[in-house]
Enquirer: 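Here it is, the structure, as structure tokens.
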Amino acid sequence: MSDAVSPSRPLARLNPLKDQRLWALGVALLGASALFVFWGGAWRSAYILELRVVKLAGLLCVGSAIGVATVLFQTLTNNRILTPTIMGFDALFLLMKTILVFVAGVLALPVLGATPTFLADTTVMILATLAIFAAVLRRARHDIQLLVLVGVIFGLLFRTLAGFLQRLLDPSQFAIVQADMFATFSGMDQRSLAVAAMVMACFFLWLASRYAVLDVMALGRDQARALGVPYDRLQLQILAAIAALVSVSTALVGPLAFLGLLVTALTHALMRSHRHGLLLPAASLISCLILVVGQTVFERVFSLNSSLAVVIEFCGGLLFLFLLARGHIK
Amino acid sequence: MIEISNLSYSIAGQQILDGINTHLQRNQITALIGPNGAGKSTLLGAIGRQVDINTGQIKIDGEDLQNITPQDQARLMAIVAQHLHVGSRIRVVDLLGFGRWPHAKGRLGPQDHFIIQSALAQFDLTDLENRFLDELSGGQRQRAFLAMAHAQDADWLLLDEPLNNLDLKHGRSLMAHLRQMVSEKSKSVVVVLHDLNFTLAWADQIVAMRDGQVVFAGPTTTVATSEALSDLYQTPIELLNLNGHFFAQYHR
């Protein structure tokens with residue numbers, strides 16, 4: 001069992017199921033989840049149990065979506081400090097959502113149910129991401145400073161455009177958009193949660209067969225292509241996956257800018273490996289663990305409802321500044 | 001044989017390659033030489049499909065490069081670029097493992113491990129195999145990438161200024177190693193060289209470039225003359241014959 005754990009045996013056949021660190025994370029997450037669900041004798045009330053299980057499922061969805069999306073994004077950009085949110089992915093999602101609501105209002109389309117709305121949002125988001133970020137990545141990949149700058153400007157542009165359109169919406173339509181604008185972990189819709197989980201499951205299955213080629217892609221475009229990896233095609237597919245995952249988490253809880261950064265920093269510190277077969281599960285477990293433990297502490301111990309997002313953003317933001325100051329942008 | 005016909009490449013209005021017509025022979029060490037900005041690296045990149053050419057054609061053994069799948073190409077040629085940068089933190093031995101990707105797709109068998117170990121030994125890296133790439137010196141990292149290309153075990157080896165960071169010993173052993181691969185394993189090597197003396201000592205063929213065009217090409221012994229080289233680099237170069245070996249004297 002020790003071969004996957006000890007970093008001194010590289011090249012060993014990868015088996016995530018044999019990695020003790022992943023098991024430890026899994027057990028910790030299981031414990032935290034049980035604590036979250038059963039705290040204060042919740043088993044006595046089926047109603048409370050159901051509420052909590054739905055919320056837990058939401059946290060797990062969002063956690064793994066953000067963890068995986070961030071690792072993938074950092075692989076594509078060859079960089080340890082960028083996250084999809086820093087590049088304005090969530091702002092793009094909100095813009096697309098606003099546009100959809102706006103257009104639906106103008107054309108007087110009937111209000112769709114949660115499921116079709118969610119699917120429409122995600123599809124539009126994937127298309128918009130491919131159109132915008134595929135072009136940006138192709139031109140600016142070698143220049144991280146430029147990439148960050150473009151991301152910040154795009155984020156601002158998307159946010160401002162969305163803000164402008166939101167001003168034109170009538171109050172009831174605005175309420176639809178507003179639900180996605182701020183990060184909250186309460187009041188997740190059960191049906192969109194189920195759809196989100198299904199969308200994610202599809203992308204995770206697709207990824208599970210490709211984790212080895214991701215290791216090669218992390219070498220960079222030229223190296224990967226020289227080794228026979230169809231880099232550009234895979235890049236598009238992975239961008240689509242990232243867009244879908246960001247849509248899932250933004251639709252469920254709202255934008256979380258720095259959670260991904262926090263998660264990948266912890267993941268790399270813990271795993272000390274370049275292999276996505278280890279990095280991806282570790283990142284999603286750590287991400288879920290942060291959310292579930294954080295939510296338990298805030299909801300049950302401090303009886304606060306909406307401050308978890310703030311605290312995560314605060315810690316993540318500090319880490320971002322710390323990494324910047326240490327010169328980890330490369 | 002690699003045949004290059006009417007190859008042109010321009011970027012941002014700048015003509016980098018301008019109607020290149022030449023061929024690179026199998027089972028030879030071919031040196032690409034020429035002053036800075038001649039387009040040597042771009043030509044190498046075009047052959048390795050790292051730059052997308054505007055016009056012209058590259059054929060390998062009669063097959064148009066465009067018709068070769070990336071997977072087949074990776075088994076056909078290995079390329080080591082001039083600037084080696086890897087974003088992720090990986091170990092030397094893992095890097096070599098990637099060299100086996102075109103053959104093993106991440107599932108390394110005993111044969112792959114054997115090739116990796118012998119590549120480590122060939123490039124004097126066995127002591128460094130568990131070091132991270134960003135903990136290595138420039139020359140050591142260069143050797144790690146060269147070893148990875150070796151492990152890739154392709155017919156063609158395209159190297160862009162491989163001597164750049166290497167000390168005398170490793171520079172010489174690299175060239176000897178390339179010679180051995182050509183003569184014993186019938187590989188073919190195309191290498192961008194700046195050191196004329198290494199070129200004269202090891203290259204079978206020379207393709208000399210300037211301003212995106214081929215100035216002269218052919219067997220080293222016939223085309224490498226004092227006049228041709230002086231003209232190519234626009235600087236006086238004298239060839240000295242020392243015990244049957246030619247040395248370029250251009251330092252002062």
Side-chain angles (χ1 to χ4, degrees), chain A residues 6-15 71 73-82 138-139 141-144 147 209-234 264 267-269 271-279 328-330, chain B residues 44-45 47-52 68-109 112-113 116-117 120 129-134 145 148-149 151-152 154 157-158 160:
Chain A
S6 116
S8 62
R9 280 284 313 275
L11 285 184
R13 189 71 58 89
L14 183 73
N15 188 353
V71 169
F73 192 71
Q74 294 188 343
T75 298
L76 281 192
T77 52
N78 240 320
N79 174 283
R80 290 269 172 92
I81 203 168
L82 290 181
R138 197 158 288 176
R139 280 161 191 273
R141 185 184 295 108
H142 301 293
D143 193 342
I144 294 302
L147 212 56
S209 59
R210 273 166 190 75
Y211 64 83
V213 80
L214 286 167
D215 298 347
V216 188
M217 290 181 75
L219 291 177
R221 180 168 181 264
D222 284 349
Q223 284 292 345
R225 276 165 51 120
L227 292 171
V229 172
Y231 188 93
D232 292 347
R233 187 160 51 88
L234 279 168
T264 47
T267 307
H268 285 302
M271 304 310 285
R272 291 179 55 76
S273 166
H274 62 281
R275 296 180 148 189
H276 288 76
L278 296 174
L279 287 178
H328 272 229
I329 285 197
K330 21 179 193 179
Chain B
L44 207 66
I47 298 170
R49 268 208 283 193
Q50 306 216 323
V51 295
D52 300 314
I68 299 176
T69 66
Q71 288 87 336
D72 289 342
Q73 188 194 336
R75 281 184 285 248
L76 200 60
M77 55 171 94
I79 181 162
V80 179
Q82 193 179 148
H83 302 288
L84 305 165
H85 168 78
V86 161
S88 60
R89 229 174 117 74
I90 65 172
R91 292 168 202 277
V92 171
V93 64
D94 286 316
L95 184 74
L96 267 67
F98 286 129
R100 298 304 298 162
W101 176 267
H103 306 270
K105 293 271 176 277
R107 297 186 171 276
L108 301 176
D112 299 307
H113 284 284
I116 290 165
Q117 288 306 324
L120 282 170
E129 67 169 8
N130 282 322
R131 292 268 285 275
F132 285 106
L133 281 181
D134 50 6
F145 277 92
M148 168 181 157
Q152 201 175 327
L157 207 53
L158 313 177
D160 196 352

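The chains referred to below are lettered A, B, ... by the order of the sequence lines, with proteins before strands, and numbering in each begins at 1.
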Enquirer: Could you check if a side-chain atom of B:Phe98 sits within less than 4.5 angstrom of a side-chain atom of A:Asp215, using non-hydrogen atoms only?
Expert: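 Heavy-atom side-chain distance check passes, below 4.5 Å.
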
Enquirer: Run the side chain to side chain contact (heavy atoms under 4.5 Å, CB included) check on A:His274 and B:Phe132 step by step: do they pass?
Expert: CA-CA 11 Å; A:His274 62 281; B:Phe132 285 106; over 6 Å; no

Enquirer: Should B:Ile90 and A:Leu219 count as side-chain neighbours, where that means a heavy-atom distance under 4.5 Å?
Expert: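 Side-chain contact under 4.5 Å: yes.
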
Enquirer: B:Gln152 and A:Leu227: which non-hydrogen atoms are nearest, and at how many Å?
Expert: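 Minimum heavy-atom contact is OE1-CD2, 3.5 Å.
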
Enquirer: Please state whether the side chain, the backbone, both or neither of B:Leu95 comes within less than 4.5 Å of a heavy atom of chain A.
Expert: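 The side chain, not the backbone.
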
Enquirer: Select, from A:Ala212, A:Ala224, A:Ala226, the one with the greatest count of heavy-atom pairs under 4.5 Å involving chain B.
Expert: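 Result: the option with the highest number of such pairs is A:Ala226.
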
Enquirer: Checking B:Gln71 against chain A: side chain, backbone, both or neither under 4.5 Å from a heavy atom?
Expert: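 For B:Gln71, the contact with chain A is made by backbone and side chain together.
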
Enquirer: Which atoms of B:Met148 are under 4.5 Å from chain A, going by heavy atoms: the side chain, the backbone, both sets, or neither?
Expert: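 Only the side chain of B:Met148 comes within 4.5 Å of chain A.
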
